[in-house]
Amino acid sequence: MLTETARLQPSCADDTEAGVLSVDEARQHIQTEITPITAMEKIALRSALGRVLAEDVISPVNVPNHTNSAMDGYAVNIADMAKGISHYECIGTAYAGQPYKKPSQPGQCVRIMTGAPIPEGTDTIIMQEQAEVLPNNIIQFVGQHHAGQNVRLAGEDISVGSAVINSGHRILPADLGVVASLGIGELRVRRRPRVAFFSTGDELRSIGEVLGEGEIYDSNRYSLYGMLSRLGVELMDLGVIPDQPAAVRDAFEMASSMADVIITSGGVSVGEADYIKPVLEELGEMKFWKIAMKPGRPLTFGHLNNTLFFGLPGNPVAVMVTFYQFVQPALHFLASGEPHVPLTLNVRCSQDLRKRPGRTEFLRGILQQSDNAELHVTAAGKQGSGILSSMSQANCFIVLGEDHGDIEAGSLVPVQPFKCFV
Ligand code: AMP
Ligand code: MG
């Protein structure tokens with residue numbers, strides 16, 4: 001990594017110039033501007049999938065609730081075994097959900113199924129494969145046995161009164177199962193972030209409209225919709241806003257009255273029709289503007305009253321890169337108060353890559369597993385910031401940091417998967 005002083009030395013050979021933030025600095029800077037949501041609601045367990053817990057889940061019970069058998073077999077008292085007793089009278093059967101209630105006496109054993117409570121007078125389970133059934137309900141055991149084997153103790157998974165899942169945790173499928181195992185049917189979760197988003201540009205048409213000369217379909221709202229939907233936030237799609245200061249102003253005012261976060265795409269460069277930055281400065285507060293990265297360099301972040309604002313670039317790939325790098329971690333932090341850094345793996349790159357030092361480049365990559373289970377990555381087609389098809393073919397970003405130059409085939413490169421990990 002270059003030092004702060006080195007990084008701020010202007011040079012025409014790279015993208016480094018004063019006032020430009022690194023990707024990490026920008027991410028940290030954004031996090032300090034966010035106050036996590038604390039408002040909460042109580043919802044049914046199944047609806048809590050993907051939601052963020054607003055309080056610790058305290059167990060009202062032991063799990064398992066009773067000491068029980070981990071095997072199908074026979075319950076014995078280890079003291080009998082220590083005395084050298086080899087033949088036992090089997091006095092009954094304990095089933096899961098149907099305990100055997102009579103106490104077992106010395107020289108006796110109880111047939112037992114997995115999950116059945118351990119009968120009184122026994123403390124050890126011998127698996128059925130180590131038992132020989134003789135005439136007249138007599139059982140002979142083989143092999144070595146120790147006290148308490150194959151017994152699951154009450155509370156060994158979760159003990160009554162303990163905090164099982166902590167506040168701020170995002171509920172995943174295993175959590176639904178854990179909470180259900182406690183007999184809890186409702187959870188207190190934090191309110192979901194409300195996110196308003198719109199596209200800006202006079203050239204943009206919506207699906208169903210006929211394209212005039214020089215016009216294009218608005219794709220950014222669709223990729224944004226997709227990425228936001230996977231995060232489980234409340235969405236407000238405000239459509240396409242033309243490149244007119246008054247229209248941008250109206251959209252900002254409406255969005256900030258309803259949403260915790262506004263996301264726009266386009267209009268953040270220094271072109272003549274780029275009104276996002278001046279209108280944000282007029283109505284709110286603009287925090288920064290250039291990031292040493294490619295694609296995604298012109299990114300605007302700020303506030304409109306209490307609403308966070310992300311002005312993403314217009315180019316379709318830049319929208320997705322800046323969303324994954326800045327907006328997604330910000331939304332996680334807003335929703336949970338927990339910092340979120342994208343998962344990064346070091347993976348062998350199968351080809352040479354060209355890279356200019358001085359900025360972080362996010363190449364679209366295809367991460368694959370070879371027959372011997374090793375991961376390797378290649379670049380996914382053309383890398384221009386308008387080539388959205390490369391994003392659709394890719395399943396990861398190859399992240400080449402500021403100090404990286406060209407990459408030789410065979411070197412390890414940092415990779416952030418985005419297809420299956422959110
Ligand atoms: P801008 O940042 O507004 O200068 O836009 C940069 C480029 O991205 C231009 O080629 C725009 O036409 C294109 N662009 C902007 N917004 C969208 C959008 N919503 N969908 C597709 N392309 C867009
Ligand atoms: Mg534009």
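One-based numbering, in listed order, for ligands and for the atoms of each.
Protein heavy atom in closest approach to atom 22 (N) of ligand 1: Ile216 CD1, 3.4 Å. Summary of contacts: the protein heavy atom closest to atom 19 (N) of ligand 1 is Asp218 OD1, 2.7 Å. Regarding atom 1 (P) of ligand 1, its nearest protein heavy-atom neighbour is Gly267 N, 3.7 Å. Scanning all protein heavy atoms for the shortest distance to atom 10 (O) of ligand 1 gives Asn315 OD1, 4.3 Å. For atom 18 (C) of ligand 1, the closest non-hydrogen atom on the protein side is Asn220 ND2, 3.1 Å. Protein heavy atom closest to atom 9 (C) of ligand 1, with residue, atom name and distance, is Glu203 OE2, 4.2 Å.
Taking CE of Met320 as the reference point, atom CG of Asn315 lies at 13.5 Å (rounded to 0.5 Å). The distance from atom CG of Leu228 to atom CE of Met236, rounded to the nearest 0.5 Å, is 11.0 Å.
Between Phe418 and Tyr324, the ring planes lie parallel to each other; the angle is under 30°, not in the 30° to 60° tilted range. Using bins of under 30°, 30° to 60° and over 60° for the plane-to-plane angle, the ring pair Phe252/Phe198 lands in the tilted bin.
In Ser219, the parts holding a heavy atom less than 4.0 Å from any atom of ligand 1 are both the side chain and the backbone. Contacts between Arg221 and ligand 1, counted as non-hydrogen atom pairs separated by less than 4.0 Å, are absent for every part of the residue. Contact annotation for Val240 and ligand 1: no heavy atom of the residue comes within less than 4.0 Å of the ligand.
Sorted by first and then second residue, the salt bridge (charged side-chain N to carboxylate O under 4.0 Å, His left out) pairs with a member in residues 53-65 read Glu55-Arg188; sequence neighbours excluded. Applying the side chain to side chain donor-acceptor pair (under 3.5 Å) test to pairs two or more places apart or on separate chains, none has a residue in residues 153-165.
Residue-ligand proximity, Ser199 to ligand 1, at heavy-atom distances under 4.0 Å covers atoms 19 (N).
Cation-pi geometry between Arg205 and Tyr217 is not satisfied (NZ or CZ under 6.0 Å from the ring centre, within 45° of the ring normal).
What you find for Pro313 and Thr322 is that their closest heavy atoms are CD-OG1, 3.7 Å.
An N or O contact shorter than 3.5 Å links Gly314 to ligand 1 by distance.
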